[in-house]
Amino acid sequence: MFYLDRAATTPVRREVLEAMWPYLTGVFGNPSSTHGVGDEAARGLAAARATVARVLGCRPAEVVFTTGGTEGANTAVKGIALATPRGRHVVTSAVEHEAVLESCAYLARFHGFDVTVLPVDPDGRVDPAVLRAALRPDTTLVSIAHTDNEIGTVQDLPALAAVAHEVGARFHTDAVQSAPWLPIGLDVLGVDALSLSGHKLGAPKGTGVLAIRSGVPLEPLLHGGGQERGRRSGTEDVAGAVAVATALGLAVETVRSGEGAATTVRDAVLDGVLAAVPGAFVTGSREHRLPGHASFCFPGVNGETVLLELEQRDVVSSSGSACAAGSTEASHVLTALGIPDDVARTALRLTFDATLTADDVPVVVRAVTESVATVRALG
């Protein structure tokens, strides 16, 4: 079987399980407890925080452990906007994850914020000039994802963040899809806050990180005992923190080392499908694209039926974001590119890691070709 849905989730790595196991068994203490058992757990938490800080190029004090990308995005968008007295205007893009879009909508509904949603070009990129034109003296936050899970497009984050900083606005990025492949960090991307999810990296679901610069005001979503330096109350999940830290470290050492090979395989899949399937076209940018990400539309076919046909041929894939699974609405990401609703519903996303090799490409392309042909023959 070819599992080509890694943008949705990844299996937990053995090294991650082994690293977190002691904190699920013998080292079970509450890291806030003032005794030996608690101190041992606290040391594990501190070590995990230091590992994340090293990878992200920030200070340990700037790392907040969360339950994943959704919580991280909610905390950053709502927390920074509500804590910063600069103004009540936030800016985002039309291709953001629902966690960001819904957080912005919440600010508008309940706190009187104005929300500007930036358009994107046909590749799904935000033009820095468009962002500059949207900024106002009362803009308090800009939130634009580094990479898109549905179309694989990579934004020019340093340029966008620099534009936001020209007027004194803070900048948050959803780096969930970037973390397995690209260098990320507060300084690397030039941002004030960055959120990521452990289960995209080989850690369990329910783990994540928000990195936020010291000095950036943040109103917590969870109030209580003041854990995580008052930014996220609640007893820390030490095993989860160790897991996401281990997975992030492994991503730097192993996954990113295979970036070149994955890019070569990605391009072969893109070219192979385009050559073999009449009418197919690639969604997202060819030039600015994640390794291990190939996405298409096949006008005139039922996308969900293509997925079923592919699974019959031992290829597991998706039509787009798993967070919107079951929705009958066309993808907001694809429609933002100017793709009509009926065509957007024909989308196919193949996301893989460096274990998919050049030798596998003809098998995958043949499976896609046969699946689309079968669906077309059924009418």
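Model, not experiment: these values are computed from the prediction.
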Derivation of the side-chain hydrogen bond (donor to acceptor under 3.5 Å, both in side chains) call for S331 and E150: CA-CA 9 Å; S331 162; E150 292 191 43; 2.6 Å; yes
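- Between the side chain of S93 and the backbone N or O of V95, at least one donor-acceptor pair lies under 3.5 Å.
- Two residues are said to be in side-chain contact when any heavy atoms from C-beta on lie closer than 4.5 Å; D360 and T355 fail this criterion.
- If you check the side chains of T246 and E15, you find no donor sitting under 3.5 Å from an acceptor.
- Between R232 and Q227 the shortest side-chain heavy-atom distance does not fall below 4.5 Å.
- Nearest heavy atom pair, residue V269 against residue A294, reads CG1-CB, 3.9 Å.
- Without hydrogens or angle criteria, D123 side chain to R125 main chain gives no donor-acceptor distance under 3.5 Å.
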Before giving the answer on side-chain hydrogen bond (donor to acceptor under 3.5 Å, both in side chains), spell out for D192 and H165 the whole-Å C-alpha distance, their side-chain angles and the decisive distance to 0.1 Å. CA-CA 10 Å; D192 300 292; H165 291 152; 2.7 Å; yes
Evaluate the side-chain contact (heavy atoms from CB on, under 4.5 Å) criterion for residues R88 and H111: first the C-alpha distance (whole Å), next the side-chain angles of each, then the deciding distance (0.1 Å), finally the verdict. CA-CA 8 Å; R88 291 185 177 274; H111 297 279; 3.8 Å; yes
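- No side-chain donor-acceptor contact under 3.5 Å links T139 to the backbone of L135.
- Both V315 and V282 sit in one connected hydrophobic cluster of ILVMFWY residues. Membership requires side-chain heavy atoms under 4.5 Å apart, directly or through other members.
- Of all the heavy atoms in A76 and A193, the pair that sits closest is CB-CB, 4.4 Å.
- There is no side-chain donor-acceptor pair under 3.5 Å between R345 and N302.
- The backbone N or O of G224 sits less than 3.5 Å from a side-chain atom of S233, completing a donor-acceptor pair.
- Classification of E166 and R132 as a salt-bridged pair holds, one side-chain N sitting under 4.0 Å from a carboxylate O.
- Considering every non-hydrogen atom in both P183 and R256, the closest pair reads CA-NH1, 3.9 Å.
- To the nearest 0.5 angstrom, E96 atom CD is 5.5 Å from S143 atom OG.
- Under the 4.5 Å side-chain criterion, counting only non-hydrogen atoms from C-beta, F65 is not in contact with L210.
- In this structure, the side chains of H146 and V154 come closer than 4.5 Å at one or more pairs of heavy atoms.
- In summary, the side chains of T254 and R13 do present a donor paired with an acceptor at a separation below 3.5 Å, with no hydrogens or angles considered.
- One finds no salt bridge joining R49 and E62 here, because no Lys/Arg side-chain nitrogen approaches an Asp/Glu carboxylate oxygen to under 4.0 Å.
- Side chain of T305 to main chain of V301: no donor-acceptor pair is present (N/O by atom type, distance under 3.5 Å, no hydrogens or angles).
- Residues V90 and V163 do not share a hydrophobic cluster, defined by chaining ILVMFWY side chains whose heavy atoms lie under 4.5 Å apart.
- Residues L310 and S317 share a closest heavy-atom pair of CD1-OG, 3.5 Å.
- Under the 3.5 Å distance criterion, with hydrogens and angles disregarded, a donor-acceptor pair is assigned to the side chains of S178 and T147.
- Between the CD1 atom in I151 and the OG1 atom in T283 there is a gap of 6.0 Å [rounded to 0.5 Å].
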side-chain contact (heavy atoms from CB on, under 4.5 Å) between I339 and F281, intermediate numbers included: CA-CA 11 Å; I339 298 173; F281 65 89; 3.9 Å; yes
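- Rounding to the nearest 0.5 Å gives a distance of 8.0 Å between CG of D237 and OG1 of T207.
- Checked by atom type and distance alone, the side chain of T10 never pairs as donor or acceptor with a backbone atom of R6 at under 3.5 Å.
- Distance check: T67 OG1 to H199 NE2 gives 10.0 Å after rounding to the nearest 0.5 Å.
- Using a 4.5 Å heavy-atom threshold, the side chains of H97 and V176 count as separate.
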For R349 and S295: C-alpha separation, side-chain torsions, deciding distance, then whether side-chain hydrogen bond (donor to acceptor under 3.5 Å, both in side chains) applies. CA-CA 4 Å; R349 180 184 70 180; S295 56; over 6 Å; no
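- A donor atom on one side chain and an acceptor atom on the other are not found under 3.5 Å apart for T140 and H89.
- Cluster membership check: L356 shares its hydrophobic cluster with V273, using side-chain heavy-atom separations under 4.5 Å among Ile, Leu, Val, Met, Phe, Trp and Tyr.
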Report the C-alpha separation of L56 and D187 in whole Å, then their side-chain angles, then the decisive distance to 0.1 Å, and conclude whether the side-chain contact (heavy atoms from CB on, under 4.5 Å) test is met. CA-CA 8 Å; L56 298 183; D187 288 338; over 6 Å; no
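- Among L160, T92, V142, L131, the one residue that satisfies the side-chain contact (heavy atoms from CB on, under 4.5 Å) test with L118 is L131.
- Side-chain atoms of T357 and D359 form no donor-acceptor pair, as typed in the model, at a separation below 3.5 Å.
- Enclosure of atom CZ in R229 is not indicated, since only 12 or fewer non-hydrogen atoms of other residues, nucleotides or ligands lie within 6.0 angstrom.
- For D148 and R289, the salt-bridge test fails: no basic side-chain N is under 4.0 Å from an acidic carboxylate O.
- The nearest pair of heavy atoms linking P137 to R86 is O-NH2, 3.1 Å.
- Distance alone, capped at 3.5 Å, is enough to place a donor-acceptor pair between the Q155 side chain and the G124 backbone.
- For the atom pair CD (E259) and CZ (R266), the distance works out to 9.0 Å, reported to the nearest 0.5 Å.
- Looking at R136 and D114, a side-chain N of the basic residue comes within less than 4.0 Å of a carboxylate O on the acidic one, giving a salt bridge.
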Under the side-chain contact (heavy atoms from CB on, under 4.5 Å) criterion, do V368 and L348 qualify, and how do the steps go? CA-CA 9 Å; V368 173; L348 171 68; 4.1 Å; yes
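- Counting only heavy atoms from C-beta outward, the side chains of L189 and F171 never approach each other to under 4.5 Å.
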Test log, rule side-chain hydrogen bond (donor to acceptor under 3.5 Å, both in side chains), inputs H293 and T351: CA-CA 5 Å; H293 192 297; T351 51; over 6 Å; no
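- In the hydrophobic clustering of this structure, V91 does not group with V100; members are Ile, Leu, Val, Met, Phe, Trp, Tyr whose side-chain heavy atoms approach within less than 4.5 Å, directly or through other members.
- A 4.5 Å side-chain heavy-atom check between F113 and L141 finds every atom pair outside the cut-off.
- Within the 3.5 Å criterion, the main-chain N or O of D5 finds a donor-acceptor partner in the side chain of Y3.
- No hydrogens or angles considered: a donor-acceptor pair under 3.5 Å links the side chains of N74 and S103.
- One finds the CZ atom of R14 at 8.0 Å from the CG atom of L17 (value rounded to the nearest 0.5 Å).
- Of the possible donor and acceptor atoms, one in the side chain of S285 sits under 3.5 Å from a partner among the backbone N and O of E287.
- Contact detail for A41 and V238: the closest heavy-atom pair is O-CG1, 3.7 Å.
- Taking the side chain as every heavy atom from C-beta outward, P122 and L337 never approach each other to under 4.5 Å.
- One finds no salt bridge joining E219 and K78 here, because no Lys/Arg side-chain nitrogen approaches an Asp/Glu carboxylate oxygen to under 4.0 Å.
- A donor-acceptor pair is defined here as one N or O able to donate and one able to accept, closer than 3.5 Å; no such pair exists between the side chain of K200 and the backbone of A179.
- A chain of hydrophobic side-chain contacts below 4.5 Å, direct or via other Ile, Leu, Val, Met, Phe, Trp or Tyr residues, connects L334 to V120.
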